[in-house]
Undergrad: 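Take a look at this one; I'll ask things after.
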Amino acid sequence: MIPYGRQSVSAEDIAAVIEVLRGDWLTQGPSVERFESAIADYVGADFAVAYSSGTAALHGALWAAGIAENDVVATSALTFMASANCIRYVGGTPLLVDINPTTLSIDLQKVPKGLKGLVAVHYAGLPLDLKQLSGEARPSVIIEDAAHALGALTPYGPVGNCAHSDLCCFSFHPVKPITTAEGGLVTTNNSDLAARLRRFRTHGIVPTPDIAPWAYSISEVGFNYRLTDLQAALGLSQVRQLEDFIVERNQIASLYSHLLGELEIVLPPVANDGFRHGYHLYVVRTRRRNELYAALHSAGIRAQVHYVPVHHHPVSKDCLIPEGGLPCTDHAYSEVLSLPIFPGLEREQIQRVTEVVQSVVSVSKSGL
Ligand SMILES: *Cc1c(COP(=O)(O)O)cnc(C)c1O
């Protein structure tokens with residue numbers, strides 16, 4: 001069985017977790033701080049706040065940014081439900097925006113002016129160019145959902161440096177660029193936002209040592225969204241391999257694109273000059289998607305569809321949708337398929353995947 005994505009855990013990763021088990025701190029402690037610094041350094045952000053999941057990180061980011069009841073926040077319609085749910089968690093209303101048919105990310109030209117917020121998803125790990133939203137086109141708050149895009153680069157620096165956003169959220173689920181089993185993190189360059197993110201993660205607790213050494217005060221409803229030191233030790237060890245992971249993902253993507261180049265199939269877009277794709281997903285498009293899915297699965301290859309669009313789910317009845325619907329999203333949904341891509345995927349496995357694709361999808365005009 002070949003999954004579409006999976007973790008890569010080394011002997012060093014395992015040793016790092018075991019070492020924490022022998023120590024004093026199991027939940028949030030010194031390893032979480034070290035992990036936060038390592039990510040902040042890697043992406044070039046001033047602050048990093050770890051969370052128990054990517055979804056919790058998004059919840060914290062929306063709350064810290066002050067998104068509240070009745071605020072309209074845009075996001076992509078072709079994404080994981082967490083990108084829209086985080087808007088609901090704080091009482092906001094998701095406005096679903098259609099995708100760019102090439103990048104499959106939100107079409108930034110279609111983001112209306114004067115919005116309170118935007119949750120910008122870097123679909124598959126190809127970074128959006130958020131600089132396009134400068135000036136009066138810029139929503140008051142821009143939060144990046146970079147669950148796919150740790151390790152991706154833009155001409156303005158790594159995704160996560162918040163060059164053109166307020167906050168950037170990552171996920172460390174096992175299929176994501178690096179893993180802590182479950183885990184997430186928010187980066188920002190704003191110290192107030194960082195302080196709010198830290199309060200929200202721990203019940204809104206604010207120590208008040210001027211009153212008494214044990215005293216603390218709570219004036220906001222927070223959560224327990226802490227990452228554990230066990231997870232952070234794994235994450236810290238994984239960060240050291242991140243660069244190699246992304247290089248390997250890019251190599252696998254070029255090999256696929258080379259092997260599938262002659263077929264009548266739409267390959268993923270390559271990154272523009274100055275950008276580096278993270279290749280969390282390698283998404284091909286074909287009208288024969290359902291057949292291809294079935295053929296791959298009978299061969300033990302677990303290709304996946306990313307995603308059932310947000311507005312197709314009954315829970316999204318409350319979402320705002322532009323007049324005319326979301327035609328690019330609906331069309332892409334009928335054609336997309338994510339082929340296996342992850343560090344450690346072997347050449348022979350890539351060969352097997354491409355053979356099944358070749359058996360279903362015909363050779364293009366040029367090859368006939
Ligand atoms: C994985 C993912 C999330 C949620 O992350 P979890 O760590 O699983 O909670 C959010 N948005 C997108 C686009 C994702 O792919």
Side-chain angles (χ1 to χ4, degrees), residues 3-7 32 35 39 48-63 73-90 94 96-97 99 103-106 117-128 130 142-152 159-160 165 167-187 197 200-201 223-228 231-232 234-235 238 249 277-283 304-313 315-316 319 329 332-333 336 338 341-342:
Y4 81 86
R6 61 159 289 143
Q7 70 277 15
V32 168
F35 179 50
I39 298 276
V49 182
Y51 270 75
S52 54
S53 71
T55 305
L58 282 163
H59 187 186
L62 273 276
W63 182 86
V73 178
T75 194
S76 174
L78 193 68
T79 185
F80 187 54
M81 187 55 81
S83 315
N85 272 350
C86 62
I87 301 166
R88 297 183 171 106
Y89 296 157
V90 294
L96 301 179
V97 175
I99 55 168
T103 65
L104 308 183
S105 269
I106 191 169
L118 168 69
V119 174
V121 185
H122 303 290
Y123 180 87
L126 180 65
L128 283 158
L130 292 173
I142 297 180
I143 295 166
E144 295 174 72
D145 178 345
H148 300 181
L150 181 62
V159 170
S165 71
L167 298 140
C168 182
C169 302
F170 296 104
S171 162
F172 308 122
H173 178 279
V175 296
K176 303 290 164 74
I178 62 167
T179 192
T180 60
E182 297 285 357
L185 181 140
V186 191
T187 57
L197 287 166
F200 192 67
R201 171 177 70 177
F223 286 76
N224 172 0
Y225 276 159
R226 291 185 298 269
L227 190 72
T228 67
Q231 294 168 301
L234 174 57
Q238 290 258 305
R249 284 178 179 276
H277 205 313
Y279 283 112
H280 161 58
L281 301 175
Y282 185 88
V283 180
Q304 184 58 280
V305 174
H306 292 100
Y307 295 88
V308 177
V310 172
H311 62 293
H312 290 203
H313 298 282
V315 73
S316 299
C319 288
T329 303
Y333 171 54
V336 290
S338 304
I341 188 166
F342 51 87

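Numbering of ligands and ligand atoms starts at 1, following listing order.
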Undergrad: With sequence neighbours excluded, tell me which residues meet ring pair (Phe, Tyr, Trp, His ring centres under 6.0 Å) with Phe342.
TA: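 By the ring pair (Phe, Tyr, Trp, His ring centres under 6.0 Å) rule, Phe342 matches no residue at all.
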Undergrad: Flag the pair Tyr89 / Phe223 as yes when their ring centroid distance falls below 6.0 Å, and as no otherwise.
TA: no
Undergrad: List the residues meeting side-chain hydrogen bond (donor to acceptor under 3.5 Å, both in side chains) with Tyr225, not counting sequence neighbours, and say none if there are none.
TA: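 Applying side-chain hydrogen bond (donor to acceptor under 3.5 Å, both in side chains) to Tyr225 gives His59.
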Undergrad: I'd like to check the side chain to side chain contact (heavy atoms under 4.5 Å, CB included) partners of Pro309; sequence neighbours left out, ordered by chain and number.
TA: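 Scan of Pro309 (side chain to side chain contact (heavy atoms under 4.5 Å, CB included), adjacent residues dropped) gives Leu78, His311, His312, Thr329, Tyr333.
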Undergrad: Dump the intermediate steps for side-chain contact (heavy atoms from CB on, under 4.5 Å) on Val283 and Leu126, then the final yes or no.
TA: CA-CA 11 Å; Val283 180; Leu126 180 65; over 6 Å; no
Undergrad: As a test of reading the model: which residues have a non-hydrogen atom less than 4.0 Å away from ligand 1?
TA: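 The answer is Ser53, Gly54, Thr55, Leu58, Thr79, Phe80, Ala82, Ser83, Val121, Asp145, Ala147, His148, Ser171, Lys176, Gly183, Tyr307, counting any residue whose heavy atom sits under 4.0 Å from ligand 1.
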Undergrad: Parallel, tilted or perpendicular: which fits the ring planes of His280 and His148, with parallel below 30° and perpendicular above 60°?
TA: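 If you compare the ring of His280 with that of His148, the planes turn out tilted.
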